[in-house]
Amino acid sequence: MVKRKLLRSLYFAFDLAVMSAVLVLAGLFYVHEYGETVVDRHSENLVLQESSIVVAADGTVLRRIPLPESGYRMTAELEEMPELLVDAFLAVEDRRFYSHHGLDYKGIARAFLNNTLQMQLSEGGSSITQQLARNLFLNRDKNMLRKLNEASIALALEKRLSKHDILQLYLNQIYMGEGQYGVKAAAEHYFGVTQLKELNIMQIAALAAIPKGPSIYNPADNSGLSVKRRELVLSMMWKQGLITHEEMKAAVKEKYQPPSIVRERLVGASYIDAALTEASQRTGKSKKDLQTGGYTIVTGMNTAAQKALEESFLNPDLFPPDGKDQQVEAAMVMMDHRTGEVVALTGGRNPSTGNLNRAVVDARQPGSAFKPIIDYGPALESGLYTPDSILPDRKAAYGSYKPENLNGVYRGQTTMRIALQQSINAPAVWLLKQVGISKARGFAAKLGIDLPKEDNNLSIALGGLHTGVSPLKMAQAYSVFASGGVFREAHMVRQVIDHKGHVLYTYNAGQRQAISPLTAERMTGMLRSVVDEGTGKKARLNRPVAGKTGTTQLDLPGISSKANRDLWFVGYTPEWTAAVWMGFDRTDKDNFMTAGSGMAAALFSTVMSKALEGQR
């Protein structure tokens with residue numbers, strides 16, 4: 001009987017040993033394979049997303065683009081960081097970092113003992129490599145399987161990466177509170193320090209104190225917990241010989257002073273959106289990649305002009321009355337025709353990131369503002385007409401198309417200059433018929449406006465287009481008249497630079513003689529008479545202005561004959577060309593304008609007068 005019990009116990013012990021060995025082997029296999037598989041499948045996680053920045057022409061940072069997790073990260077090479085900063089993080093987070101291979105078994109044993117005594121998972125005993133594994137590949141749940149997976153990934157990371165690279169990734173990835181990721185972003189956010197080696201001892205200790213509890217231990221926290229934590233870190237730094245006792249005492253006494261940041265209203269939301277789209281088209285990179293790749297996107301924005309533009313758009317007195325259920329909208333583009341750079345742009349009266357950008361959408365009828373582009377410009381370029389050429393001003397029918405003068409008055413005949421100056425319709429349509437639609441469309445294409453085949457009709461003489469045109473394209477077209485007939489592509493992006501300082505893209509400032517200088521000179525003279533004596537008087541400034549108004553009418557039964565759909569003014573000074581549009585997003589019987597294009601001309605004058613202050 002005793003022998004039988006003994007044998008049974010031996011068999012049970014043997015079975016238990018075999019099962020334990022199998023479980024251990026299975027666990028080892030899991031730990032080895034899981035981490036390797038996860039890192040292989042998600043190796044892109046090892047490349048950290050970094051906030052890109054958009055800057056103005058003078059280097060002013062317009063926007064630091066938030067990451068998808070609604071935070072900001074700026075990465076730095078380990079060599080950019082002071083040794084004391086690196087040593088402080090190691091002292092606090094993982095003193096045996098360089099002696100273990102991903103798992104700090106002493107730390108794990110200590111955490112296991114404490115967790116057992118407290119009957120809860122309060123400590124993790126995680127090495128820096130484990131923290132990095134968790135942050136890059138796992139969630140923050142506290143359970144045994146997650147800890148096992150964390151350990152497995154940590155071992156895989158140690159095989160794949162050097163200690164240098166693991167530590168650099170960690171210091172750039174770690175969350176530092178208040179939406180800041182990585183020590184570089186945190187240093188600038190909390191202390192206004194952009195060069196990490198300029199950090200002092202107190203600031204280094206404050207940064208090293210944060211990871212334990214980013215929401216309560218960051219230096220901006222006012223509860224006092226951050227001060228106690230910082231003092232503890234300073235004590236650890238002293239005990240490990242990183243600083244002297246005197247340095248520790250001096251740092252303890254130092255009070256935290258937040259950086260004096262002047263927080264101005266964000267400007268250029270529409271401009272930045274358009275610039276990102278342009279940068280994506282020019283580089284072939286997606287907008288997401290451009291926003292999270294740590295790029296610097298250098299634009300041609302003139303911040304003074306952009307502020308003048310947006311401040312003017314906040315004044316309701318500069319716009320027609322709102323409709324029953326819609327606000328009158330507007331868009332404006334200003335470009336330097338000497339370079340092609342867009343100096344200011346807004347796509348609405350209350351622009352915000354991701355909203356409809358009316359400045360760049362080809363959706364509006366330009367009305368008479370299109371006459372220089374499609375009627376008078378082609379006629380002058382043909383060499384058969386001059387500003388003093390006599391044109392008929394009589395009612396005429398062109399098949400089913402029967403254009404009329406706006407006021408019903410016909411002079412019999414008039415000069416081209418007066419026809420443009422007073423925006424008379426009949427001569428413009430007649431002139432397009434004489435020059436030919438094909439040649440006129442070819443002329444418009446030279447100015448950057450390619451019309452579709454649906455616009456192969458005489459109604460384009462008065463700006464009646466199939467799909468419409470954008471303020472950006474109208475400014476682009478008029479800029480050719482302003483620059484002596486030279487076409488310079490309207491653009492916002494000067495350069496795109498990656499996070500290592502390598503230039504990914506630079507705008508190639510090509511130009512071409514699109515039309516003859518004589519045509520541009522004559523057109524400028526005619527357009528100046530529009531502002532000096534014609535329909536564009538409200539656009540006048542304390543410098544020469546050339547330009548043209550445009551109005552499209554709303555033709556609905558029972559609506560006033562003075563109801564308008566679109567109001568335009570496009571013009572230029574010796575320095576800049578600008579296009580203004582006003583109207584409703586959806587024009588109907590409850591939402592239309594009775595004001596004329598003089599309001600667009602007046603807005604042009606208001607914005608340009610402010611924007612050009614100090615310009616020579």
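Nothing fancy with the numbering, it's 1 onward along the sequence. From a predicted model like this one, the values you see are computed outputs, not experimental measurements.
Judged as a side chain to side chain donor-acceptor pair (under 3.5 Å), the pairs with a partner in residues 356-374 (not counting sequence neighbours) are, in order, Arg358-Asp585, Asp362-Ser470, Asp362-Lys473, Arg364-Asp566, Ser368-Lys371, Ser368-Ser423, Lys371-Ser423, Lys371-Asn425.
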Review point. Are Thr194 and Glu188 close enough, and set up right, to give a side chain to side chain donor-acceptor pair (under 3.5 Å), and what steps lead you there?
Key: CA-CA 5 Å; Thr194 56; Glu188 182 170 328; 5.6 Å; no
Practice item. In sequence, state the C-alpha distance, the side-chain angles, and the governing distance for Tyr271 and Val54, and then conclude on side chain to side chain contact (heavy atoms under 4.5 Å, CB included). Key: CA-CA 10 Å; Tyr271 191 112; Val54 183; over 6 Å; no
Exercise for review: Let me see the working for Asn302 and Asp336 under side chain to side chain contact (heavy atoms under 4.5 Å, CB included), right down to the final yes or no.
Suggested key: CA-CA 10 Å; Asn302 180 302; Asp336 187 336; over 6 Å; no
Review point. Could you walk me through whether Lys285 and Asp498 pass the salt bridge (charged side-chain N to carboxylate O under 4.0 Å, His left out) check?
Key: CA-CA 12 Å; Lys285 293 188 175 295; Asp498 70 16; over 6 Å; no
Point to revise | Derivation and outcome, side chain to side chain contact (heavy atoms under 4.5 Å, CB included), residues Phe370 and Lys548 | key: CA-CA 9 Å; Phe370 206 56; Lys548 182 71 183 75; over 6 Å; no
Exercise for review: Could you check Met593 against Phe584 for side chain to side chain contact (heavy atoms under 4.5 Å, CB included), going step by step and ending with a plain yes or no?
Suggested key: CA-CA 8 Å; Met593 300 175 293; Phe584 288 98; 3.9 Å; yes
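In this structure, Gly464 and Asp455 approach most closely via the heavy-atom pair O-OD1, 4.2 Å. Counting all heavy atoms, side chain and backbone alike, Gln203 lies closest to Glu198 at OE1-O, 4.2 Å. When every heavy atom of Phe313 is checked against every heavy atom of Ala330, the shortest pair comes out as CE2-CB, 3.6 Å. Here the closest non-hydrogen pair linking Leu527 and Phe481 is CD1-CD1, 4.3 Å. The minimum heavy-atom distance linking Ala600 with Trp568 is given by the pair CB-C, 3.6 Å. The two residues Thr577 and Ala475 have their closest heavy-atom pair at CG2-O, 3.4 Å.
Between Lys538 and Ser605, the side chains place no donor N or O within less than 3.5 Å of an acceptor N or O (distance only, hydrogens not considered). Under 3.5 Å, the side chains of Thr549 and Thr535 contain a donor-acceptor pair of N or O atoms. Between the side chains of Tyr572 and Thr524, at least one donor-acceptor pair of N or O atoms lies under 3.5 Å.
Checked by atom type and distance alone, the side chain of Glu381 pairs as donor or acceptor with a backbone atom of Ser516 at under 3.5 Å. Without hydrogens or angle criteria, Arg488 side chain to His337 main chain gives a donor-acceptor distance under 3.5 Å. Formation of a donor-acceptor pair under 3.5 Å by the Asn564 side chain with backbone atoms of Ala595 is found in this model. No donor-acceptor distance shorter than 3.5 angstrom exists from the side chain of Ser479 to the backbone of Ala482, with no hydrogens or angles considered.
Phe319 has its side chain within reach of Met582: a pair of non-hydrogen atoms, C-beta onward, lies under 4.5 Å apart. Residues Leu276 and Ile65 have side chains in contact (heavy-atom distance under 4.5 Å, counting atoms from C-beta outward). In this structure, the side chains of Pro316 and Arg349 come closer than 4.5 Å at one or more pairs of heavy atoms.
Atom NZ of Lys287 has more than 12 heavy atoms from other residues, nucleotides or ligands within 6.0 Å. Around the CD atom of Gln513, the shell of radius 6.0 Å holds more than 12 heavy atoms that belong to other residues, nucleotides or ligands.
When the options Arg64, Gln180, Gln173, Lys184 are evaluated for a side chain to side chain contact (heavy atoms under 4.5 Å, CB included) with Arg73, the one that passes is Gln173.
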